[in-house]
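First up is the structure itself, then whatever we jot down about it.
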Amino acid sequence: MHLTFIRKTALSSDNNCPSLYKTDRDTYLVQGWRVTDPETLRQLDIPGHETVVEVPSDVLAEIARSI
């Protein structure tokens, strides 16, 4: 899989988190803050092979500008 970096959040300082990447498979990878809050997770139906991450809206807004 080849990744193309699209954007990291303006809230990031020296690292690249949260970030958005486009793949050569016509998909996106989202790097974000792991959601661990039990109340939030209770509201979701997450299979064992998946996880949930939280990303700022400025990162996701870049998808709309890039497609």
Side-chain angles (χ1 to χ4, degrees):
M1 180 187 311
H2 176 75
L3 302 181
T4 301
F5 174 79
I6 295 176
R7 181 190 175 104
K8 72 176 183 174
T9 181
L11 302 173
S12 180
S13 55
D14 295 333
N15 59 26
N16 285 336
C17 188
S19 298
L20 180 67
Y21 300 84
K22 183 163 178 40
T23 75
D24 59 349
R25 297 196 252 183
D26 199 28
T27 61
Y28 291 89
L29 295 183
V30 178
Q31 176 183 347
W33 301 301
R34 184 178 301 147
V35 175
T36 59
D37 175 61
E39 177 59 31
T40 301
L41 294 173
R42 270 195 292 278
Q43 298 175 60
L44 302 167
D45 183 18
I46 307 164
H49 65 281
E50 295 181 0
T51 191
V52 175
V53 297
E54 181 178 9
V55 297
S57 58
D58 67 325
V59 176
L60 298 179
E62 190 63 27
I63 291 176
R65 287 191 288 272
S66 70
I67 57 174

Can you give me every donor-acceptor pair (side chain of residues 49-60, partner residue at least two apart or in another chain, under 3.5 Å) with its distance?
unit_1, atom_1, unit_2, atom_2, d
Asp58, OD1, Thr9, OG1, 3.0
Asp58, OD2, Arg7, NH2, 3.1
Asp58, OD2, Thr9, OG1, 3.3
Asp58, OD2, Ala10, N, 2.9

Asp24 atom CG, over 12 foreign heavy atoms within 6.0 Å: yes
Rounded distance (nearest 0.5 Å) linking atom CZ of Arg25 with atom NE2 of His2: 13.0 Å
Nearest non-hydrogen partners of Asp37 and Thr40, listed with the distance: OD2-OG1, 2.7 Å
Val30 side chain reached by Tyr21 side chain, heavy atoms, under 4.5 Å: no
Inter-residue atom distance Tyr28.OH - Thr4.OG1, 0.5 Å rounding: 10.0 Å
